Novice: 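Can you keep this structure in mind? I'll have questions shortly.
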Amino acid sequence: MLLFQDLRKSIFDTVNERFKISENDVYLDDTGHSDITVRVFRILKSPDGGENVINDIITSLSGKDYVEKAAAEGGYINVWIKRPYMLHEVIDSIERFGIYPNVFQESDRVSVEHTSANPTGPLHIGRARNSIIGDSVYRILSRYGYRTVRQYFVNDSGKQMISLYTAYIRYGGPLTIDSLLENYQKIYRDLEKDPGIEKEIEKNIERYENADPEVYGTLRKIAGVMLDGIASTLKRIGIEFDEFDWESDLLRDGSVKKVIGMLETKDDDGAKFIEIPGKKIYLTRKDGTTLYFARDIAYHLLKAENSEWMIDVLGEDHKDHARSLDHVLRNMLRIENRLSFLYYSFITLETGKMSTRRGNIVTLQDLVDKTYEEALKIVNEKRPDLSDDDRKRIAEAIATSAVRYSIIRVSAPKPITFRWDEALNFEANSAPFIMYSYARATSILEKASEPVEAYGTEMEPEEADLVKIMYVYPYYLKDAANDLKPDLIAGYLVSLVQKFNDFYGACRVIGTDPSTYARRIRIVKAYREILSDAGNLIGIKMIEQM
RNA sequence: GGGCGCAUGGCCUAGCCUGGAUAGGGCAACAGCCUCCUAAGCUGUAGAUCAGGGGUCCAAAUCCCCUUGCGCCCGCCA
């Protein structure tokens with residue numbers, strides 16, 4: 001099986017034999033001039049105009065069994081790949097293995113750490129961007145063949161968490177998310193009037209780090225309640241974890257102390273710090289309690305034992321922290337594992353930035369609920385023929401997919417301003433747009449019988465275009481995996497669906513002559529397979545009807 | 001003040017790493033398409049000094065420098 005990348009390589013080799021070029025000079029064309037383009041401006045600059053070399057190359061390329069045509073045009077050699085060849089590769093893979101492509105294999109173990117939000121409240125949509133990106137990266141790398149694990153670092157030891165605990169002790173109330181959150185917001189308000197509270201928090205940090213069973217037990221319970229809330233909301237949109245790693249465990253089993261011992265620390269009035277170029281980083285307070293940086297190093301050392309590649313999904317506010325962490329791990333602790341940080345910018349509301357403490361947030365729960373209501377309204381309108389249960393099931397799939405899609409489609413470094421009307425747009429460039437085409441393809445197959453004849457290879461342009469974009473799927477998957485860019489998959493899906501919609505409009509499937517029918521049925525089957533495969537990578541749930 | 005990001009039609013966005021052929025989509029607007037596999041679809045029209053300036057190059061949205069605007073960081077918080 002020759003995947004698109006292999007074709008590129010093969011063409012590169014062929015050209016390179018005659019004239020040394022750069023690998024970047026052979027690329028997937030996206031301007032409609034060809035399938036694969038070879039940039040030959042440099043050959044044209046040769047004293048003789050390079051005409052002979054180019055003709056040689058074209059002759060040689062034309063001889064390949066997968067090449068339809070090769071032609072020089074301006075500074076390029078345009079190469080067209082035979083559509084029947086592409087069609088065969090895709091269909092063959094799907095009929096034999098049930099999947100296309102089926103060839104990626106990576107042996108490395110990869111840890112994807114994402115979300116890791118303080119369990120001090122429900123997840124708001126800004127934080128959810130972390131989860132949605134992280135989970136998509138996890139899915140892409142798993143599909144690519146890596147052995148992946150999803151990890152959530154539960155920060156149950158920091159000041160925020162102790163503040164939540166202190167608020168619960170001070171103000172009482174039931175052990176529920178709402179009550180805890182209310183207390184949490186209240187303590188930050190009261191803190192401004194009553195400096196005694198700060199002392200109380202500090203005392204509790206100390207008790208906590210000295211493993212005071214009362215503080216420890218209650219705090220773990222509080223964190224558990226909050227974390228359950230976060231986890232169940234995430235589960236609703238298809239995001240789960242393999243491991244929840246508790247910061248307090250690292251504290252209690254001595255790994256944090258060990259890390260501090262491994263580093264050359266200096267002392268400032270009892271507080272321990274290390275120095276890295278241009279920076280002083282404190283590992284402990286002067287009362288001896290530990291700081292996040294120390295605990296995060298301990299955590300990464302733990303992860304490094306089980307993963308060749310560690311990926312952290314982080315908000316842009318963590319950039320400096322991560323850079324320092326990388327420096328310490330690499331240069332001071334000699335950790336050689338691959339370590340990648342995937343940063344994303346914040347989601348803000350039209351009214352400004354979100355803050356859990358101040359209470360001006362749109363929670364992920366709110367967003368999914370409201371999207372569901374909106375979707376249900378539309379499904380009720382469009383499908384009165386279905387049962388209540390079916391319509392609810394469809395609305396739920398639309399809501400969870402739409403929420404994920406609206407966030408993943410924008411590349412991570414771009415800031416997002418959240419707007420309800422945009423989040424609730426179910427037209428083109430949305431999850432429902434993608435899902436709808438799956439339902440249509442399914443509908444064709446439901447009405448169709450198994451083809452009996454061999455398929456013909458004379459295709460309409462719309463078929464040929466659809467075949468090409470299906471064939472090229474591995475190329476996008478590879479880039480998305482290597483560059484950690486799930487948004488590429490979102491873009492691919494839209495192009496794929498657009499090609500299918502063109503095909504759908506121009507080419508009947510049912511009722512055509514046997515050899516055309518045999519081919520188109522296979523194309524539709526392959527399409528459904530690839531669409532759901534790619535959709536799955538970013539959490540779009542395909543449904544049979546909508 | 002220092003550091004890191006971002007800036008593309010009225011709005012959202014792809015392309016930038018790895019410079020090349022008419023800057024690709026979508027929303028909103030306007031004009032059309034359901035006796036034919038689901039119209040959450042499709043076709044067409046209109047809309048772009050690629051923030052501004054300079055530089056490198058045969059060639060710049062893309063690379064370099066400067067400027068402007070916005071976001072984030074610069075805690076013995078996380």
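Side chains included, hydrogens not; waters and symmetry mates left out as well; all remaining heavy atoms used. Since the model is a prediction, treat every value here as computed from it, not as a measurement. Chain naming here is simple, since letters A, B, ... match the order of the sequence lines and numbering starts at 1 in each.
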Novice: Sticking with atom C1', work out how far C76(B) lies from U13(B), rounded to a whole angstrom.
Specialist: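 43 Å, rounded to whole Å.
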Novice: When you compare the protein's N or O atoms with those of nucleotides 67-69 of chain B, which come within less than 3.5 Å of each other, and at what distance?
Specialist:
none

Novice: Write down the distance separating the P atoms in G20(B) and A60(B), rounded off to the nearest Å.
Specialist: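 G20(B) and A60(B) have their P atoms separated by 11 Å.
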Novice: Between residues 113-123 of chain A and RNA chain B, which residues have a heavy-atom gap below 4.0 Å?
Specialist: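 RNA chain B contact set from residues 113-123 of chain A: N118(A).
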Novice: Please report, rounded to the nearest Å, how far the C1' atom of C33(B) is from the OH atom of Y504(A).
Specialist: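 Between C1' of C33(B) and OH of Y504(A): 14 Å.
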Novice: When rounded to the nearest Å, what value does the distance between P atoms of C64(B) and U56(B) take?
Specialist: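 Looking at atom P only, C64(B) and U56(B) are 16 Å apart.
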Novice: For this output row, return yes or no: ring centroids of F341(A) and H318(A) closer than 6.0 angstrom.
Specialist: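 No, the ring of F341(A) stays outside the 6.0 Å limit from the ring of H318(A), centre to centre.
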Novice: I'd like the P distance from C50(B) over to A23(B), given in whole Å.
Specialist: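 Nearest-Å result for A23(B) against C50(B) at atom P: 11 Å.
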Novice: Hey, does the side chain of Q498(A) come within less than 4.0 Å of G26(B)'s phosphate (OP1/OP2), counting only N and O?
Specialist: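 So the side chain of Q498(A) is within the cut-off, an N or O lying under 4.0 Å from OP1 or OP2 of G26(B).
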Novice: Stacking here means centres under 5.5 Å and planes under 30°; does Y76(A) stack on A21(B)?
Specialist: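 By the stated criterion, Y76(A) and A21(B) stack.
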Novice: N/O contacts under 3.5 Å, protein versus nucleotides 6-13 of chain B?
Specialist:
unit_1, atom_1, unit_2, atom_2, d
A7(B), OP1, K414(A), NZ, 3.0
C12(B), O2', R409(A), NH2, 3.0

Novice: Are OP1 or OP2 of C42(B) and a side-chain N or O of N501(A) less than 4.0 angstrom apart?
Specialist: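 Yes, because at least one side-chain N or O of N501(A) sits under 4.0 Å from OP1 or OP2 of C42(B).
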Novice: Would you kindly check whether a donor in the side chain of D30(A) faces an acceptor in the base of A23(B), or vice versa, at under 3.5 angstrom?
Specialist: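 No, no donor-acceptor pair under 3.5 Å.
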Novice: Are R440(A) and A39(B) close enough that a side-chain N or O sits under 4.0 Å from OP1 or OP2?
Specialist: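 For A39(B), OP1 or OP2 has a side-chain N or O of R440(A) closer than 4.0 Å.
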Novice: Stacking between A59(B) and F41(A), yes or no? Criterion: centroid separation under 5.5 angstrom, plane angle under 30 degrees.
Specialist: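 It does not: the ring fails the test against the base of A59(B).
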Novice: According to the 5.5 Å centroid and 30° plane-angle thresholds, does H318(A) stack upon the nucleobase of A78(B)?
Specialist: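 A stacking contact does not exist, since H318(A) is not both close and nearly parallel to the base ring of A78(B).
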Novice: Using whole Å, report how far CD of E381(A) lies from P of A39(B).
Specialist: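 These atoms are roughly 16 Å apart.
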Novice: Run the salt bridge (charged side-chain N to carboxylate O under 4.0 Å, His left out) test against D267(A) and tell me which residues pass, sequence neighbours left out.
Specialist: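 D267(A): no salt bridge (charged side-chain N to carboxylate O under 4.0 Å, His left out) contacts found.
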Novice: Can you tell me, in whole Å, how much space there is between the C1' of A14(B) and that of G26(B)?
Specialist: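 Taking atom C1' in both A14(B) and G26(B), they lie 11 Å apart.
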Novice: What heavy-atom pair brings L250(A) and R295(A) nearest, and what distance separates the two atoms?
Specialist: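 Heavy-atom minimum between the residues: CD1-O, 3.9 Å.
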Novice: Within the distance-only criterion (no hydrogens, no angle test), does the side chain of T284(A) pair as donor or acceptor with the backbone N or O of K272(A) below 3.5 angstrom?
Specialist: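 Side chain of T284(A) to backbone of K272(A): a pair is present.
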Novice: Before you tell me yes or no, could you show the steps for R528(A) and E544(A) under salt bridge (Lys or Arg N to Asp or Glu O under 4.0 Å), namely the whole-Å CA-CA distance, both residues' side-chain angles and the distance that decides it to 0.1 Å?
Specialist: CA-CA 10 Å; R528(A) 246 172 50 112; E544(A) 312 301 313; 3.4 Å; yes
Novice: If we take the C1' atom in both G41(B) and C37(B), what is their distance in whole Å?
Specialist: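 Roughly 13 Å separates the two C1' atoms.
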Novice: side-chain contact (heavy atoms from CB on, under 4.5 Å) with D190(A): which residues, sequence neighbours excluded?
Specialist: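 By the side-chain contact (heavy atoms from CB on, under 4.5 Å) rule, D190(A) matches Y171(A), K186(A), K193(A), I197(A).
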Novice: What residues, two or more places apart in sequence or in another chain, satisfy salt bridge (charged side-chain N to carboxylate O under 4.0 Å, His left out) together with D390(A)?
Specialist: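 So D390(A) forms a salt bridge (charged side-chain N to carboxylate O under 4.0 Å, His left out) with R393(A).
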Novice: Is there a side-chain hydrogen bond (donor to acceptor under 3.5 Å, both in side chains) between T289(A) and R285(A)? Walk through the geometry before answering.
Specialist: CA-CA 5 Å; T289(A) 56; R285(A) 299 186 180 90; 2.9 Å; yes
Novice: Please identify each residue that fulfils side-chain contact (heavy atoms from CB on, under 4.5 Å) with F244(A), with sequence neighbours left out.
Specialist: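 Scan of F244(A) (side-chain contact (heavy atoms from CB on, under 4.5 Å), adjacent residues dropped) gives Y152(A), V154(A), L227(A), A231(A), F241(A), W246(A).
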Novice: Assuming nearest nucleotide by heavy-atom distance, tell me which of S157(A) and I77(A) is located more 5' along RNA chain B.
Specialist: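 Nearest nucleotide further toward 5': that of I77(A).
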Novice: Consider ring pair (Phe, Tyr, Trp, His ring centres under 6.0 Å). Of H300(A), H327(A), H321(A), which one does F293(A) pass it with?
Specialist: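 Looking at H300(A), H327(A), H321(A), the match for F293(A) under the ring pair (Phe, Tyr, Trp, His ring centres under 6.0 Å) is H321(A).
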Novice: Can you name the side-chain contact (heavy atoms from CB on, under 4.5 Å) partners of Y455(A), sequence neighbours left out?
Specialist: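 Listed in chain order: L87(A), H88(A), I91(A), T457(A), A518(A), R519(A), R522(A).
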Novice: Rounding to an integer number of Å, can you tell me how far R42(A) CZ sits from G19(B) P?
Specialist: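 R42(A) atom CZ is separated from G19(B) atom P by 12 Å.
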Novice: Roughly how many Å apart are G2(B) and U8(B), using the C1' atom of each and rounding to a whole number?
Specialist: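 To the nearest whole Å, 29 Å.
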Novice: Give a yes/no on whether any side-chain N or O of K353(A) is located under 4.0 angstrom from OP1 or OP2 of C72(B).
Specialist: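 Answer is yes, contact under 4.0 Å.
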Novice: For residues 488-499 of chain A, dump all side-chain donor-acceptor pairs below 3.5 Å to protein atoms at least two apart in sequence or in another chain.
Specialist:
unit_1, atom_1, unit_2, atom_2, d
Y492(A), OH, I469(A), O, 2.6
S495(A), OG, G491(A), O, 3.1

Novice: Reading RNA chain B from 5' onward, which residue's closest nucleotide shows up sooner: F503(A) or V494(A)?
Specialist: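 Upstream on the strand: V494(A).
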Novice: Check I523(A), L531(A), L466(A), I434(A) against F500(A) for a side-chain contact (heavy atoms from CB on, under 4.5 Å) and give me the one that passes.
Specialist: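 Among I523(A), L531(A), L466(A), I434(A), the one meeting side-chain contact (heavy atoms from CB on, under 4.5 Å) with F500(A) is L466(A).
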Novice: Does R285(A) place a side-chain N or O at less than 4.0 Å from the phosphate oxygens OP1/OP2 of A78(B)?
Specialist: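 Yes, because at least one side-chain N or O of R285(A) sits under 4.0 Å from OP1 or OP2 of A78(B).
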Novice: Report the residues that fulfil side-chain contact (heavy atoms from CB on, under 4.5 Å) with D29(A), sequence neighbours left out, ordered by chain and then residue number.
Specialist: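 In terms of side-chain contact (heavy atoms from CB on, under 4.5 Å), with neighbours along the sequence ignored, D29(A) is linked to T31(A), H33(A), S34(A), T37(A).
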Novice: Write down the protein N/O and nucleotide N/O pairs, taken from nucleotides 2-4 of chain B, whose separation is under 3.5 Å; answer none if there are no such pairs.
Specialist:
unit_1, atom_1, unit_2, atom_2, d
C4(B), O2', K319(A), NZ, 3.1

Novice: Specify the separation, in whole Å, of atom CD of E427(A) and atom C1' of C42(B).
Specialist: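 To the nearest whole Å, that distance equals 13 Å.
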Novice: Measure from NZ or CZ of R357(A) to the centre of the six-membered ring of Y188(A), then state whether that distance is under 6.0 Å and the direction lies within 45° of the axis.
Specialist: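 Pair R357(A)/Y188(A) counts as cation-pi.
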Novice: Do any side-chain atoms of residues 408-428 of chain A form donor-acceptor pairs under 3.5 angstrom with protein atoms, and if so which ones, sequence neighbours left out?
Specialist:
unit_1, atom_1, unit_2, atom_2, d
R419(A), NE, E350(A), OE2, 3.3
N425(A), OD1, E427(A), N, 2.8

Novice: From the list C73(B), C27(B), C36(B), which nucleotide is the closest neighbour of the side chain of D317(A)?
Specialist: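 The answer is C73(B), which lies nearest to the side chain.
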Novice: Check the phosphate of G20(B) against R39(A), side-chain N and O only, distance under 4.0 Å to OP1 or OP2. Yes or no?
Specialist: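 R39(A) to G20(B) OP1/OP2: side-chain N or O found under 4.0 Å.
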Novice: Measuring only the P atom in each nucleotide, how far is C58(B) from G53(B)? A whole number of Å is fine.
Specialist: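 C58(B) and G53(B) have their P atoms separated by 23 Å.
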